[in-house]
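Following: one structure in structure tokens, then a few remarks.
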Amino acid sequence: KEKHKILHQLLQNSTSPVDL
Amino acid sequence: IPPPAKKPLTKIVSHLLVVEPEKIYAMPDPSVPDGDIKALTTLCDLADRELVVIIGWAKHIPGFSSLSLGDQMSLLQSAWMEILVLSIVFRSLACDEELVYAEDYAVDEERARSSGLLDLHVAILPLVRRFKKLRVDKEEFVTLKAIALANSDSMHIENLEAVQRLQDSLHEALQDFEGCQHPEDPRRAGKLLMTLPLLRQTATKAVQHFYSVKMQGKVPMHKLFLEMLEAK
């Protein structure tokens with residue numbers, strides 16, 4: 001996760017999970 | 001009364017249409033003279049911005065955010081170029097032998113040749129021709145894009161069952177959509193899924209192309225694009 005810092009950060013930015 | 005089981009599946013396709021990202025613009029720097037470096041710089045910058053959009057989009061795919069963070073990362077690291085290529089292909093469907101990398105950046109063969117993009121151009125066009133032949137519509141494009149992400153065959157998936165559930169729900173959504181919209185062709189969902197091997201092959205060529213651009217070191221690349229290239 002350290003190596004892929006930006007992807008990790010962008011995924012962690014909060015959005016509520018979508019469950020249809 | 002419609003069968004209740006079908007309702008949520010149709011919902012997935014309509015939801016994917018709603019969360020489809022806005023149009024993207026390449027905005028090539030007018031102060032830089034045309035040529036290989038300018039074309040590749042424009043595409044690398046575009047890809048970096050589009051990756052941010054793709055990561056945001058993925059979070060809106062029903063079921064994706066329920067995966068572990070590690071699995072979300074693995075799927076995106078495997079499939080990002082397939083998603084980029086698929087978007088270029090869909091944007092190019094209305095054109096004749098031109099690739100629409102962005103709304104303001106369409107490249108024909110001559111321009112591709114003069115700007116060092118011919119390899120990429122030649123690699124992506126067969127997929128455009130295949131999609132044109134199938135007359136792929138927007139609903140099918142958004143669903144296939146989500147399927148490409150869920151089906152990315154990453155070697156590092158922690159919870160295979162959860163990823164399988166995501167694949168199944170998207171696959172069902174496609175089949176359900178085709179059953180309603182194209183009852184005249186019961187094999188249409190299969191025909192669409194059969195384009196995915198060519199998509200993977202094309203994306204692999206595109207990754208190799210940009211990896212060699214990175215190795216040459218003549219074109220500036222933003223951090224996220226580099227990070228995703230290195231993950232490949």
Hey, mind stepping through B:L76 and A:L11 against side-chain contact (heavy atoms from CB on, under 4.5 Å) and telling me if it holds? CA-CA 10 Å; B:L76 280 162; A:L11 278 172; 3.8 Å; yes

Would the number of heavy atoms belonging to other residues, nucleotides or ligands and lying under 6.0 Å from [atom1] of [X] be above 12?
X: B:E22; atom1: CD; value: no
X: B:K138; atom1: NZ; value: no
X: B:M194; atom1: CE; value: no

Would you give the length of the straight line joining atom [atom1] of [X] to atom [atom2] of [Y], rounded to the nearest 0.5 angstrom?
X: A:Q9; Y: B:I55; atom1: CD; atom2: CD1; answer: 10.5 Å
X: A:H4; Y: B:E230; atom1: NE2; atom2: CD; answer: 8.5 Å
X: B:L69; Y: A:Q12; atom1: CG; atom2: CD; answer: 5.5 Å

- request: Can you see which heavy atom on B:E227 is nearest to which on A:I6, and at what distance?
  value: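 Looks like OE1-N, 2.9 Å.
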
Q: Report yes if some heavy atom in the side chain of A:L10 is under 4.5 Å from a heavy atom in the side chain of B:L224; otherwise report no.
A: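 Touching, per the 4.5 Å side-chain cut-off.
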
* Side chain to side chain, B:K59 and A:N13, heavy atoms closer than 4.5 Å ->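 Side chain of B:K59 against side chain of A:N13, heavy atoms only: contact under 4.5 Å found.
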
Applying side-chain contact (heavy atoms from CB on, under 4.5 Å), run through A:L7 and B:W80 and close with a yes or a no. CA-CA 11 Å; A:L7 173 62; B:W80 62 275; over 6 Å; no

